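To start, the structure under review is shown below, and the notes come after it.
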Amino acid sequence: ELAPVVTIDGPSGTGKGTLANLLARKLDWHYLDSGALYRAVAWTALRDGLALEEREEESLGELARTLNIRFEPAAEGPVRVYIDGQEVTQELRSGPISEGASVVAAMQPVRDGLLELQRSFRRPPGLVADGRDMGTVVFPEAPAKIFLTATAEERARRRYEQLRAHETDVTLERITQELRQRDERDAHRNVAPLRASEGAYIIDTTNISIDAVLAEALERVRRCI
Ligand code: C5P
């Protein structure tokens with residue numbers, strides 16, 4: 001029998017990662033950060049000198065299918081990510097990799113290449129999966145689906161605060177512009193465009209604390225599972 005899944009989708013900066021992490025800890029379930037997989041494809045391609053262009057679609061798809069990635073939950077802070085044994089946790093968050101991830105994510109062979117890997121995270125006692133198409137494509141039969149939204153201004157502000165801790169040359173203006181571009185590409189691409197799945201429970205996180213979001217999500221999950 002398949003383990004239960006909670007899907008958490010939405011654009012960047014809505015607090016998906018934070019919520020998914022907290023929810024997984026609270027339920028003591030596995031956690032899948034699917035965005036990290038797209039980031040990992042971009043990172044590996046750049047390492048191997050593979051252009052993030054349409055003519056390389058098939059090679060990028062193959063790269064996705066054979067990705068050697070490992071997640072290691074840390075006692076505190078974000079889950080650590082390793083590619084071919086090298087720790088890349090912080091590098092995956094950089095501007096160029098965010099951009100690259102969104103480029104490769106628009107390629108069907110890359111999305112297909114990551115499908116099996118993503119589904120393999122579904123193990124007992126359960127999985128919390130965060131991304132853009134968890135409820136629509138990867139786990140369409142998930143018993144509990146959540147979709148987070150927030151205004152573009154608030155999302156840019158959060159991303160800015162996050163990045164400012166590690167990078168010195170960030171400006172709110174640049175982050176806002178990059179976020180808009182990425183949203184635009186994620187929402188309008190032909191394959192798996194970002195949208196709320198049918199039956200998804202929508203939470204607008206613009207003006208509520210993460211604790212309030214968590215409480216609402218937990219209540220929803222307990223009602224559905
Ligand atoms: O969530 P995160 O910002 O880490 O995702 C990076 C990029 O990966 C997104 O901008 C999006 O283009 C892509 N992505 C996706 N489908 C997912 C998760 C991420 O297309 N399920």
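Order of appearance sets the numbers: ligands from 1, and atoms from 1 within every ligand. Remember, it's a predicted structure, so these values are computed and weren't measured experimentally.
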To check your reading of the model: name the closest protein heavy atom to [atom], its residue, and the distance in Å.
atom: atom 8 (O) of ligand 1; value: Tyr38 CB, 3.6 Å
atom: atom 1 (O) of ligand 1; value: Arg132 NH1, 2.8 Å
atom: atom 16 (N) of ligand 1; value: Arg111 NH2, 3.0 Å
atom: atom 18 (C) of ligand 1; value: Ser34 OG, 3.4 Å
atom: atom 4 (O) of ligand 1; value: Arg39 NE, 2.6 Å
atom: atom 13 (C) of ligand 1; value: Ala105 CB, 3.6 Å

When you look for heavy atoms under 4.0 Å from ligand 1, do you find them on the side chain of Asp133, its backbone, both, or neither?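 Looking at Asp133 and ligand 1, atoms from backbone and side chain both fall under 4.0 Å.
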
When you look for heavy atoms under 4.0 Å from ligand 1, do you find them on the side chain of Arg185, its backbone, both, or neither?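 It is neither part, as no heavy atom is under 4.0 Å.
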
Do [X] and [Y] make a side-chain contact, defined as non-hydrogen atoms from C-beta onward lying under 4.5 Å apart?
X: Tyr160; Y: Thr176; answer: no
X: Asp186; Y: Ser102; answer: yes
X: Ser98; Y: Arg39; answer: yes
X: Gln177; Y: Gln181; answer: yes

Is it the case that ligand 1 has an N or O less than 3.5 angstrom from some N or O of [X]?
X: Arg159; value: no
X: Arg182; value: yes
X: Asp130; value: no
X: Asp186; value: yes

So, 4.0 Å and heavy atoms of Gln118: is ligand 1 close enough to count as a contact?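 Per 4.0 Å heavy-atom rule, Gln118 does not contact ligand 1.
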
Under 4.0 angstrom from ligand 1, any heavy atom of Arg189?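 So Arg189 counts as touching ligand 1.
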
Neighbour count >12 (heavy atoms, 6.0 Å) for atom CG, Asp28: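 Open: at most 12 neighbouring heavy atoms sit under 6.0 Å from CG of Asp28.
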
Exceeds 12 heavy-atom contacts within 6.0 angstrom, atom CZ of Arg47: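 Check passes, neighbour count above 12.
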
Side chain to side chain donor-acceptor pair (under 3.5 Å) assessment of Tyr82 paired with Asn68: CA-CA 8 Å; Tyr82 297 81; Asn68 177 17; over 6 Å; no

Just to verify, which of Arg122, Arg119, Arg123 counts as forming a side chain to side chain contact (heavy atoms under 4.5 Å, CB included) with Leu2?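 Result for side chain to side chain contact (heavy atoms under 4.5 Å, CB included) with Leu2: Arg122.
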
Glu154: which of Thr14, Thr206, Thr149 passes side chain to side chain contact (heavy atoms under 4.5 Å, CB included):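 That would be Thr206; it is the only one of Thr14, Thr206, Thr149 passing the side chain to side chain contact (heavy atoms under 4.5 Å, CB included) with Glu154.
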
Report, in ascending order of atom number, the atoms of ligand 1 lying under 4.0 Å from any heavy atom of [X].
X: Gly131; answer: 18 (C), 21 (N)
X: Lys16; answer: 1 (O)
X: Ser102; answer: 10 (O), 12 (O)
X: Met134; answer: 21 (N)

Heavy-atom pair of closest approach, residues Arg155 and Asp183: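 That would be NH2-OD2, 2.5 Å.
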
Taking all non-hydrogen atoms of both residues, which atom of Leu52 and which atom of Gly100 are closest, and how far apart?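 Leu52 and Gly100 have their closest heavy atoms at CD1-CA, 3.6 Å.
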
